[in-house]
There are 2 protein chains.
Amino acid sequence: MPAKDTLPDFEEKIASLLKKSHLSVTESRRKILHLFLEHAGALSHGDIERKAGEKFDRVTVYRTLQAFVEKGIIHTIPTADNSIRYALCKDDCSAGHHHDHHVHFLCHRCNNTYCLDDVVTPDIKLPRGYVAEQVEVLVEGVCKNCR
Amino acid sequence: MPAKDTLPDFEEKIASLLKKSHLSVTESRRKILHLFLEHAGALSHGDIERKAGEKFDRVTVYRTLQAFVEKGIIHTIPTADNSIRYALCKDDCSAGHHHDHHVHFLCHRCNNTYCLDDVVTPDIKLPRGYVAEQVEVLVEGVCKNCR
DNA sequence: AGCAAAAAGCAACATAGTTGCAAAATCTTG
DNA sequence: CAAGATTTTGCAACTATGTTGCTTTTTGCT
Ligand SMILES: [Mn+2]
Ligand SMILES: [Mn+2]
Ligand SMILES: [Zn+2]
Ligand SMILES: [Zn+2]
């Protein structure tokens, strides 16, 4: 019975993720992590406020996302408009140290943002004098679900 | 006398740029274009409001930047935080059609954003099903002036 | 100079994000 | 498992950012 399995699995994962990050397990944190786990694409602050319903205060959402970023649970994704989007870090991101060397994809049709975890960011040959510490790549187009 | 030359040069360039774009030549447009021409790096809306002093209404700055983007005079640069930055389009961007296939660089030290006009965005090999229409690359690190 | 069109300024509003503090929930430890 | 210490939440108030409609001013053109 795979349908019944998903929910307990999530709750388990959520609790261990929070504990590993030294964050106390609260209703808002569980709810917001759940949203990320079930959604596949990235979420904006606004998305989360809407999906979480009237359940939580706006301030709580801000502080929760901030805590998750600091602990390496989620990462931000730069966009051309000025709406920050957040997505789960897949693996070994820890407090203060993100290792997100993958490309992000924004679909013009469904307006979803996806982490392409298997597509690593390329090395960029820079002019003399510039030192690269991080490379962010955002590809825009049409995703595989939208054609 | 190179020092004296720069200002008239700018004014000339500004007038021709505006005329070419079918925009009437107004004080705010000239001032804001001047800021871009003398600054090298990209500017945020806030930068411009500050640098233009108390001279213009906030709304005017918004509408001016919007007009410049639409006419292909400036382009937006995605950032990791949610502040849009704007930079001059170098060449053949026209109304509604930007051709900015260059990489952007954000310096962690001076916090300036530069267009690396000579560094073209790489092709990204995407998973089956994804269609790329545009690629944005933002490199973060230390710029040549800051070491 | 005089007219029509465009832009700027103003006010009012809407949305987004921050901060301090008191109340509530969570964690710890005996 | 109860009590106290600690953390988190919700609330209120505030700042910042962005938008819209309308009136006045400026610009381009004849
Ligand atoms: Mn990602
Ligand atoms: Mn650029
Ligand atoms: Zn899509
Ligand atoms: Zn620098």
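Because the structure is predicted, anything quoted here is derived from the model rather than measured. So that the names make sense, note that chain A is the first sequence line, chain B the second, and so on, each numbered from 1.
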**Q** Quick check, are the ring centers of A:Phe68 and A:Tyr86 under 6.0 angstrom apart?
**A**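 No, the ring of A:Phe68 stays outside the 6.0 Å limit from the ring of A:Tyr86, centre to centre.
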**Q** Report which part of the nucleic acid B:Arg29 touches: base, sugar-phosphate, or nothing (heavy-atom distance under 4.0 Å, all strands).
**A**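 Here B:Arg29 touches the backbone only, sparing every base.
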**Q** Roughly how many Å is it from NE2 in B:His22 to C1' in C:dA5, rounded to a whole number?
**A**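 My rounded result for the distance is 16 Å.
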**Q** Has A:Thr26 got a side-chain N or O lying under 4.0 Å from the OP1 or OP2 atom of D:dT7?
**A**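 For D:dT7, neither OP1 nor OP2 has a side-chain N or O of A:Thr26 closer than 4.0 Å.
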**Q** Mind checking if A:Arg63 touches a base, just sugar-phosphate, or nothing, with heavy atoms under 4.0 Å?
**A**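 The answer is base, as A:Arg63 lies within the cut-off (heavy atoms under 4.0 Å) of a base atom.
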**Q** Looking only at the aromatic ring of each residue, does the gap between the centers of B:His104 and B:Tyr114 stay below 6.0 angstrom?
**A**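 No, the ring centres sit 6.0 Å or more apart.
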**Q** Measure from CD1 on B:Ile48 to P on C:dA8 and round the result to the nearest Å.
**A**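 Distance check: B:Ile48 CD1 to C:dA8 P gives 14 Å.
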**Q** Take the angle between the ring planes of B:His45 and B:Tyr62 and call it parallel below 30°, perpendicular above 60°, tilted in between.
**A**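 It falls in the parallel class, under 30°.
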**Q** Between C:dA8, D:dT9, C:dT26, which nucleotide has the shortest distance from any of its atoms to the side chain of A:Ser24?
**A**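 Of all the options, the side chain of A:Ser24 is nearest to C:dT26.
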**Q** Once you build an axis from the first five pairs and another from the last five of the helix from C:dA1-D:dT30 to C:dG30-D:dC1, how far apart in angle are they, to 10 degrees?
**A**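 End axes: 40° apart.
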**Q** Nearest whole Å is fine: how far is D:dA12 P from A:Asp57 CG?
**A**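 Value for this atom pair: 9 Å.
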**Q** Side chain of A:Val59: nearest nucleotide among C:dT18, D:dT8, D:dT20?
**A**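 Of the candidates, C:dT18 comes closest.
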**Q** On the nucleotide D:dT9, are OP1 or OP2 found under 4.0 Å from the side-chain N or O atoms that A:Ser28 carries?
**A**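 Yes, because at least one side-chain N or O of A:Ser28 sits under 4.0 Å from OP1 or OP2 of D:dT9.
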**Q** Between C:dC10, C:dA16, D:dT17, which nucleotide has the shortest distance from any of its atoms to the side chain of A:Tyr62?
**A**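 Taking heavy atoms from C-beta onward, the closest nucleotide is C:dA16.
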**Q** Of the options D:dG28, C:dA11, D:dT8, whose atoms approach the side-chain atoms of B:Val25 most closely?
**A**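 For the B:Val25 side chain, the nearest candidate turns out to be D:dG28.
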**Q** Measuring from atom CZ of B:Arg29 to atom CD1 of B:Ile73, what distance do you get when rounded to the nearest 0.5 angstrom?
**A**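 Reported to 0.5 Å precision, the distance equals 8.5 Å.
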**Q** Can you check the B:Arg58 CZ to C:dA14 C1' distance for me, whole Å?
**A**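 Rounded to whole Å, this separation is 12 Å.
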**Q** Figure out the CD/C1' separation between A:Glu54 and D:dG10, and round it to whole Å.
**A**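 It is 14 Å, rounded to the nearest whole Å.
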**Q** Quiz question: by atom type and distance under 3.5 Å, do the side chains of B:Ser44 and B:Asp47 form a donor-acceptor pair?
**A**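 Looking only at side-chain atoms, B:Asp47 and B:Ser44 do form a donor-acceptor pair, the distance falling under 3.5 Å.
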**Q** Looking only at the aromatic ring of each residue, does the gap between the centers of B:His39 and B:His34 stay below 6.0 angstrom?
**A**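 Aromatic pair excluded; centres sit 6.0 Å or further apart.
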**Q** Between B:Leu23 and B:His45, name the one whose nearest nucleotide on DNA chain D is closer to the 5' end.
**A**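 Mapping each residue to its closest nucleotide by heavy atoms, the 5'-most match is B:His45.
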